[in-house]
Amino acid sequence: MVRPQKRGAEHAAVAHPNIALIKYWGKRDEQLVLPRVDSLSMTLDIFPTTTRVRPAPGADHDVVTLNGAPAEGEALRRVVAFLDLVRSRAGQELRAVVDSENTVPTGAGLASSASGFAALAVAAAAAYGLDLDATALSRLARRGSGSASRSLFGGFALWHAGPPHATGKQADLGSYAEPVPAADLDPALVIAVVNAGPKAISSREAMRRTVDTSPLYEPWARSSADDLTEMRAALRRADLEAVGEIAERNALGMHATMLAARPAVRYLAPATLTVLDSVLQLRRDGIPAYTTMDAGPNVKVLCHRADADRVAETVRAAAPGGSVLVAGPGPGARLLPGDGR
Ligand code: PMV
């Protein structure tokens, strides 16, 4: 592991996105970003984010560059709020220069907040001289974006919701991700990007509405706890069929909670359903392939690595206007040597 160098120098970190197989949906504390349910994800080996942080003596505000352009609006606000948290922990006030490069092709329709805040947590903690272990970095990344807590770890990661009635410091300490032991599964996620446009409603707002108004939310949250228990057992015995079945029902259940919200939140598009049909057909043809969808219309298909090309070809034919990517399990977030250049 690369140790932080001297405090105040530029530090660079890299992190990869993750896709949840047991979903995080619903917060119990928006400020601390405490989820209502445990979630479990696979970190991907594609589209890393590299972020550099350099405290800037004398500067009176943070300067944040995302993919070469100055950050503004909500994106800037979230990064500055995150840096404020790091500064308050470090007992420092120095503003910073942050430069983040995301390799997700523009319009790929894949969220970059998980890799983005995981890389920012690692780089900012080092730059401000906080010597945190991976668990503490996971808690910190959670404050930027919930799903970022899981990108600290490679392979499969479980994010603990934490004790449901804890408050304040105890609640914060109880909610972090950790790696999950999995036997040799050799999985791939084939990502069918059916629509790369921005989402109509943010996941933050959609979660809030679902928790507040959907009569299906509590039943789903309860069944998700059982899904997690079964998922862990399936991962231990490297049973891809079971992993896929559990992931698929968990995601469809999550979307059902949203469809029942008032007013309804619907991320699934006609092309999403066409891809789901094509995956059902693959299963009928004897190829184990299972779907999961997040806060958008794109479909991620879990399958054996050996079947990934066939699955990619099938979903490409089902959604001809879109693009298809293939990912495997990727590494956890890490500090890069020197300034990472
Ligand atoms: O971390 P956020 O606020 O972008 O929420 C992500 C929620 C889902 O992607 C829909 C599910 C998950 O567990 O990643």
Side-chain angles (χ1 to χ4, degrees), residues 15-44 47 49 74-75 77-79 81-82 102 104 108-121 138-153 156-161 175-177 180 189 191 193 198-211 214 217 220-221 224-225 227-228 231 246-259 261 265-268 272 291-300 302 327 333:
H16 289 73
N18 70 74
I19 299 295
L21 302 179
I22 301 288
K23 301 296 186 188
Y24 150 50
W25 196 251
K27 293 181 181 64
R28 69 174 200 280
D29 183 320
E30 296 218 0
Q31 215 236 323
L32 291 176
V33 194
L34 298 172
R36 294 207 167 222
V37 291
D38 296 340
S39 56
L40 187 150
S41 60
M42 183 175 112
T43 298
L44 307 185
F47 304 150
T49 298
E74 179 64 6
R77 193 199 61 73
R78 285 177 72 178
V79 173
F82 190 83
N102 205 316
V104 181
L110 273 186
S112 55
S113 65
S115 55
F117 278 102
L120 181 62
S138 168
R139 283 190 198 102
L140 179 63
R142 186 195 84 225
R143 300 289 294 274
S145 175
S147 52
S149 64
R150 300 183 306 234
S151 274
L152 258 295
F153 302 99
F156 296 93
L158 164 61
W159 172 21
H160 297 279
S175 187
Y176 56 88
V180 171
L189 274 174
I191 303 171
V193 181
K199 37 181 125 158
I201 168 170
S202 71
S203 55
R204 182 170 304 204
E205 171 56 28
M207 281 184 202
R208 195 182 291 149
R209 191 190 299 170
T210 307
V211 171
S214 175
Y217 183 74
W220 173 77
S224 194
D227 287 347
L228 179 67
M231 176 66 84
I246 299 161
E248 189 170 285
R249 75 182 185 219
N250 186 269
L252 288 171
M254 175 185 77
H255 285 277
T257 69
M258 297 182 218
L259 289 169
V265 175
R266 183 170 62 82
Y267 287 117
L268 312 181
T272 311
T291 53
T292 184
M293 291 80 66
D294 294 290
N298 303 322
V299 184
K300 294 92 183 183
L302 181 75

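Numbers here simply count residues along the sequence, with the first being 1. When a ligand or atom number is given, it counts from 1 through the structure's own listing order.
With sequence neighbours excluded, the residues that form a side-chain contact (heavy atoms from CB on, under 4.5 Å) with A206 are W25, I201, V265, Y267.
Among N18, T49, T43, the single residue meeting the side chain to side chain donor-acceptor pair (under 3.5 Å) criterion with S151 is N18. For the side chain to side chain donor-acceptor pair (under 3.5 Å) criterion with W159, the lone passing option out of S175, S147, S41 is S175. Looking at I246, L158, D38 one by one, the single match for side-chain contact (heavy atoms from CB on, under 4.5 Å) with I22 turns out to be I246.
Of the possible polar contacts, none joining the R142 side chain to the A177 backbone as a donor-acceptor pair under 3.5 Å is found.
Enumerated by chain and number, the residues approaching ligand 1 to less than 4.0 Å through a heavy atom are A20, K23, Y24, W25, S113, S145, G146, S147, R150, S203, M207, D294, A295.
Residue Q31 places its CD atom among 12 or fewer non-hydrogen atoms of other residues, nucleotides or ligands, all under 6.0 Å distant.
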